[in-house]
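Have a look at the structure below, then the notes.
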Amino acid sequence: MGKKDGGLQPCIDYQTLNTQTVKLPYPLPLVPAALEELRGAHIFSKLDLRSAYNLVRIREGNEWKTAFITLSGHYEYQVMQYGLANSPSVFQGFMNKVFREFLHRFVILYIDDILKYFRNLHCPQICPNPCQ
């Protein structure tokens, strides 16, 4: 499959693997709940992590499940790829763990999107005793 810059990127069909995968029921955030959390906030900053899935290691010993063959050899991914059934759930859990102390105070996460929000400029929610 071609990229915009003319290079090539692999296109791997994980349908068979995904049908045999035990689905991880980790919940993704609900948009209405996130919007309610933003009520009263006036200052926002959004970050979108680029290639963030590729930062999470596949469980050791499971790399063979992502194997593919090309003319130049046999390859196995060591990091999570798009298209795997549990990728969104695993990554959301990873992000929630990393940002645990900030969630629902001044950070909302949705997979690889991070939204920071503050009620006012003078006393953001990051101080130990937030202003009212």
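Scope of the values below: all heavy atoms of this structure, side chains included, with no hydrogens, waters or symmetry mates.
In terms of heavy atoms, Ile111 sits closest to Met95 at O-CG, 3.5 Å.
With contacts defined as side-chain heavy-atom distances shorter than 4.5 Å, the pair Glu63/Arg57 qualifies. When side chains are defined from C-beta on, Asp113 does not count as touching Leu47, because their heavy atoms never get closer than 4.5 Å. Two residues are said to be in side-chain contact when any heavy atoms from C-beta on lie closer than 4.5 Å; Val56 and Val90 meet this criterion. When side chains are defined from C-beta on, Tyr110 counts as touching Leu28, because their heavy atoms get closer than 4.5 Å.
With sequence neighbours excluded, the residues forming a side chain to side chain contact (heavy atoms under 4.5 Å, CB included) with Ala34 are Ile108, listed by chain and number. Remark: Asp5 engages Lys3 in a side chain to side chain contact (heavy atoms under 4.5 Å, CB included) (not counting sequence neighbours). For Lys97, the salt bridge (Lys or Arg N to Asp or Glu O under 4.0 Å) test picks out no residue, with sequence neighbours left out.
Residue Ile114 holds its CD1 atom at 9.5 Å from OG of Ser45, rounded to the nearest 0.5 Å. We find the NE2-CZ distance between His104 and Phe99 to be 13.0 Å, quoted to the nearest 0.5 Å. Here the OG1-CD1 distance, from Thr66 to Ile58, works out to 4.5 Å after rounding to the nearest 0.5 Å.
Aromatic pair Phe106/Phe118: ring centres closer than 6.0 Å.
Remark: the backbone N or O of Met80 is paired with a side-chain donor or acceptor of Asn54 at under 3.5 angstrom. Formation of a donor-acceptor pair under 3.5 Å by the Arg119 side chain with backbone atoms of Ile43 is not found in this model.
Applying the side-chain hydrogen bond (donor to acceptor under 3.5 Å, both in side chains) definition to pairs two or more places apart or across chains, none involves residues 80-89. Residue pairs meeting the side-chain hydrogen bond (donor to acceptor under 3.5 Å, both in side chains) criterion with at least one partner in residues 12-35, sequence neighbours excluded, are Tyr26-Asn96. For residues 55-77, every residue pair satisfying the ring-ring contact (aromatic ring centres under 6.0 Å, His included) rule, not counting sequence neighbours, is listed here: Phe68-Tyr75, Phe68-Tyr77.
With respect to the salt-bridge test (charged N to carboxylate O, under 4.0 angstrom), the residues Glu37 and Arg105 do not qualify.
Cluster annotation: Leu55 is not connected to Leu109 through the hydrophobic network of ILVMFWY side chains, with a link wherever side-chain heavy atoms come within less than 4.5 Å.
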